> 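This is the structure I have questions about; it appears just below.
The structure presented is a predicted model; accordingly, all values stated were derived computationally and were not measured.
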Amino acid sequence: MKKWASLMLTCMLAIGLAAGCSGKNETKEETAGGAETKGAEKKTEAADGVTKFSISLRTLNFGYVEKSPDINADKWVKKLEELTKTDLDIRLVPHKEYEQKMAQMFATNEIPDVVQGQGGTTGKEMAGSVEAGVFMPLNDLLKQYGPHLLEKIPKEAWNRMTYQGKIYGIPEWLGNPSRRATWIRKDLLEKTGLPVPKTVDDYLNVLRAFKKLGVENPYMGRQDFKYADTFFGSYDVFPYLSQFEEVDGKVQPKFLDEDNMMKALSTYKTMFDEGLINKEFATINPTTFKNTILAGKAGIWSMNANELIQWQTQMKESVPEAQLEIIPSPVGPDGKGGYYLYGDVARSYFINAKYEHPEKIIQFFDWMVSEEAEAFFTFGTEGENYTKDGDKINYKQPTDAQAVDEERYRQAFLWLVQDTTYNKGSLGLTEEGRNLMSVFDNTLAHEGRDGIEFDPRLEALKKNPDITPLSDTPPPVLITHMVKMVYGQEPIENWPKVIEEWKSKGGNDVLKEANERYQSKQGVFLPRK
């Protein structure tokens with residue numbers, strides 16, 4: 001253990017020196033989430049029966065969370081503590097610096113009693129901590145104290161949390177992995193007189209018609225093609241971590257499909273040349289992305305489908321006539337399309353091996369899948385936020401942006417263990433909610449791209465971040481060329497040379513290891529569709 005921590009600290013010192021990251025903001029965050037709560041991991045069950053434990057949670061870009069002056073003083077956290085007889089010490093991890101902060105946490109050995117991961121036991125953010133024995137195996141604890149967790153969470157999600165035959169984390173699962181969707185301003189489409197587009201060419205024609213209407217961003221782009229990767233799905237060439245495929249008996253990343261990758265890039269270049277995508281899309285961050293859309297300056301974009309009603313509500317404040325709708329994603333040569341499929345686990349929770357009363361934490365998470373928890377997170381507090389008339393729930397959904405943010409925080413962020421596909425209780429109350437559930441069941445369920453995935457991650461990928469993709473972001477070495485090609489600074493026909501560059505920088509080792517793992521069936525997850 002000491003050797004592992006020493007190695008992590010050495011790595012972090014190197015990272016810190018390279019990044020020069022010692023600014024005032026970081027110090028403040030460290031103070032808020034670290035130094036002031038140092039030693040909290042030693043807290044155990046209090047004499048009064050209240051279970052005290054610290055827990056790290058990624059902010060996930062939730063406005064309500066990131067604007068909170070003290071999340072531990074938040075009224076919903078206090079209510080959660082009351083219902084579960086706990087005293088939580090929540091340590092927020094900044095969304096943008098998640099992996100760096102997680103590595104720093106492990107390197108300094110200031111590890112909370114519960115650590116939130118982003119799915120799987122051996123992800124990059126876990127920094128080898130499960131292998132190093134930082135967390136305890138949960139099999140026996142779950143059998144005795146978490147029967148409802150074992151009953152409700154699917155086997156596939158538990159498999160993702162298993163290392164060498166033992167369960168190390170409690171997963172928040174995703175029942176429908178097809179989560180991202182293609183959104184359109186239906187009111188603008190009706191103005192064009194065009195039907196709902198189906199193919200890539202149909203989509204380009206609608207984007208051109210939007211431009212004629214004066215829409216500033218017919219297709220809303222974003223840096224690193226994140227939530228702007230619609231047309232890579234049409235050609236099935238997502239350059240992501242879970243997107244390997246078998247070709248002629250060999251396993252390889254999908255972006256090695258030169259012909260289809262160049263077709264996808266050509267589509268984006270056409271959009272760039274014709275002004276159908278913002279000329280500065282390569283630098284548009286998530287905040288600008290959302291604000292631009294909510295200001296009514298975009299026609300088509302990609303976002304998680306479960307956000308539809310909340311975005312619709314927020315958008316009505318600035319663009320009352322706006323009508324948002326999810327439509328089938330553009331299909332490519334094989335008649336299919338959609339976005340990369342999410343993993344079976346959205347977030348996960350690991351218990352520090354040093355914690356003295358892990359059974360209390362298991363019971364806390366077991367409560368998360370109870371009917372009482374579902375009512376609390378969905379509707380709030382009975383008598384204050386909703387009333388019951390027999391089995392009927394009387395709940396008035398928020399209409400202003402601030403209240404929508406608060407509801408989203410309670411239903412999605414604070415509800416730590418649930419099927420996070422969508423909130424059935426809330427959506428089932430209204431016609432628009434029921435329509436959204438129908439979109440999941442009848443549109444998204446029939447689209448999306450999956451691939452072969454390796455978990456634990458390939459060692460060859462760990463060695464060189466420049467050639468390594470993330471779950472929804474291409475490897476840095478590819479992004480540079482992809483942006484240049486769309487901007488017309490490099491011929492798209494150079495893509496085979498880009499592949500050779502990727503191979504020369506460690507990609508050949510990736511291919512060798514991937515095929516060996518695939519043949520030996522070691523840590524291989526096959527496509528679900």
Side-chain angles (χ1 to χ4, degrees), residues 119 154 156-157 171-186 189 195-200 202-203 206 219-220 222 225-238 240-243 254 264 289-290 293 298-313 323-332 334-347 408 411-412 418-428 430-451 453 471-472 525-529:
E156 292 76 13
E172 177 187 42
W173 73 100
L174 194 57
N176 182 349
S178 182
R179 188 179 202 181
R180 292 192 183 180
T182 302
W183 297 33
I184 193 169
R185 280 278 303 277
K186 185 68 180 300
L189 181 65
V196 173
K198 296 180 180 177
T199 66
V200 172
D202 291 342
Y203 265 79
V206 168
Y219 179 85
M220 190 60 207
R222 185 170 144 180
F225 294 96
K226 192 165 184 170
Y227 286 99
D229 52 2
T230 306
F231 299 99
F232 294 110
S234 305
Y235 294 98
D236 197 15
V237 287
F238 285 122
Y240 302 155
L241 204 55
S242 64
Q243 298 291 310
K254 290 183 178 179
F289 177 81
K290 182 172 183 178
I293 292 170
I300 292 176
W301 62 92
S302 169
M303 184 41 58
N304 294 339
N306 57 322
E307 305 258 357
L308 180 73
I309 295 174
Q310 288 156 340
W311 280 50
Q312 174 76 72
T313 301
Q323 295 178 28
L324 304 187
E325 188 165 299
I326 291 171
I327 59 176
S329 300
V331 298
D334 63 355
K336 300 177 183 178
Y339 299 86
Y340 88 101
L341 297 185
Y342 277 61
D344 298 300
V345 177
R347 297 184 293 181
R408 179 170 174 255
Q411 292 183 349
Q418 59 169 314
D419 181 350
T420 193
T421 303
Y422 52 71
N423 189 301
K424 287 183 181 178
S426 181
L427 294 184
T430 65
E431 183 178 354
E432 62 179 354
R434 292 188 287 273
N435 288 339
L436 179 55
M437 287 194 286
S438 176
V439 166
F440 271 97
D441 297 338
N442 300 309
T443 299
L444 297 182
H446 301 294
E447 66 178 41
R449 301 288 193 175
D450 206 7
E453 184 179 0
S471 61
D472 61 352
F525 289 84
L526 299 176
R528 289 159 286 182
K529 65 165 63 174

> How close do Thr182 and Pro330 get, counting heavy atoms only, and between which atoms?
OG1-CD, 4.1 Å
> Once side chain to side chain donor-acceptor pair (under 3.5 Å) is applied, do any residues pair with Ser242, and if so which ones, sequence neighbours excluded?
none
> Please name the pair of heavy atoms, one in Ser178 and one in Glu447, separated by the smallest distance, quoted to 0.1 Å.
OG-O, 3.3 Å
> Got Ile184 and Tyr203 here, is their nearest side-chain heavy-atom distance under 4.5 Å?
no
> Partners of Leu241 by side chain to side chain contact (heavy atoms under 4.5 Å, CB included), sequence neighbours excluded?
Arg457, Leu461, Pro469
> What is the distance from atom CG of Leu174 to atom OG1 of Thr420, rounded to the nearest 0.5 Å?
6.5 Å
> Quick check for you: to the nearest 0.5 Å, what is the distance between Gln243 atom CD and Ser471 atom OG?
10.5 Å
> Closer than 4.0 angstrom, basic N to acidic O: yes or no for Lys336 and Asp236?
no
> Quick one, Leu324 with Trp301, criterion side chain to side chain contact (heavy atoms under 4.5 Å, CB included). Give me CA distance, side-chain angles, the key distance, then yes/no.
CA-CA 11 Å; Leu324 304 187; Trp301 62 92; 3.7 Å; yes
> Working to the nearest 0.5 Å, report the span between CG of Asn306 and CG of Asn423.
9.5 Å
> Taking salt bridge (charged side-chain N to carboxylate O under 4.0 Å, His left out) as the definition, give me every residue that meets it alongside Asp344, ordered by chain and number, with sequence neighbours left out.
Arg160, Arg528
> Check whether any side-chain heavy atom of Leu427 lies under 4.5 Å from a side-chain heavy atom of Ile309, and answer yes or no.
yes
> My understanding is that only residues two or more places apart in sequence, or in another chain, count here; which of them pass salt bridge (charged side-chain N to carboxylate O under 4.0 Å, His left out) with Arg222?
none
> Closest approach of Val331 and Gly337, non-hydrogen atoms and distance?
CG1-N, 4.2 Å
> Just by distance, do the side chain of Ser302 and the backbone of Thr230 share a donor-acceptor pair under 3.5 Å?
no
> Compare all side-chain heavy atoms of Met220 with those of Phe289 and state whether any distance is below 4.5 angstrom.
yes
> Carefully, step by step, assess Leu444 and Tyr339 under the rule side chain to side chain contact (heavy atoms under 4.5 Å, CB included).
CA-CA 9 Å; Leu444 297 182; Tyr339 299 86; over 6 Å; no
> Minimum heavy-atom separation for Asp334 to Ser234, with atom names?
OD1-O, 4.2 Å
> Please list all pairs passing the salt bridge (charged side-chain N to carboxylate O under 4.0 Å, His left out) test where one or both residues lie in residues 173-184, with sequence neighbours left out.
Arg180-Asp472
> After noting the C-alpha distance and the side-chain angles of Tyr240 and Asp229, does the key distance pass the side chain to side chain donor-acceptor pair (under 3.5 Å) rule?
CA-CA 11 Å; Tyr240 302 155; Asp229 52 2; 2.5 Å; yes
> Which is it for Phe225 and Tyr227 under the ring pair (Phe, Tyr, Trp, His ring centres under 6.0 Å) test, yes or no, and what are the steps along the way?
CA-CA 6 Å; Phe225 294 96; Tyr227 286 99; over 10 Å; no
> At what distance, to the nearest 0.5 angstrom, does CZ of Phe525 lie from CD of Glu156?
10.0 Å
> Could you state the interatomic distance from CG (Asn304) to CD (Gln310), rounded to the nearest 0.5 Å?
11.0 Å
> Please work out which of the three classes, parallel, tilted or perpendicular, describes the rings of Tyr219 and Phe231, given edges at 30° and 60°.
tilted
> List the steps and the verdict of side chain to side chain donor-acceptor pair (under 3.5 Å) for Asn435 and Ser438.
CA-CA 5 Å; Asn435 288 339; Ser438 176; over 6 Å; no
> Tell me, please, which residues at least two apart from Lys186 pass salt bridge (charged side-chain N to carboxylate O under 4.0 Å, His left out).
Glu325
> On a heavy-atom basis, which atom in Val196 and which in Pro328 lie closest, and how many Å separate them?
CG1-CD, 4.5 Å
> Which heavy atom of Leu436 sits nearest to which heavy atom of Ala305, and what is that distance?
CD1-O, 3.6 Å
> State the CZ-OG1 distance between Arg408 and Thr313, to the nearest 0.5 angstrom.
12.5 Å
> Parallel, tilted or perpendicular: which one describes the rings of Trp183 and Trp311, with boundaries at 30° and 60°?
perpendicular
> The test is side chain to side chain contact (heavy atoms under 4.5 Å, CB included); show your working for Tyr235 and Val200 and say whether it passes.
CA-CA 10 Å; Tyr235 294 98; Val200 172; 4.0 Å; yes
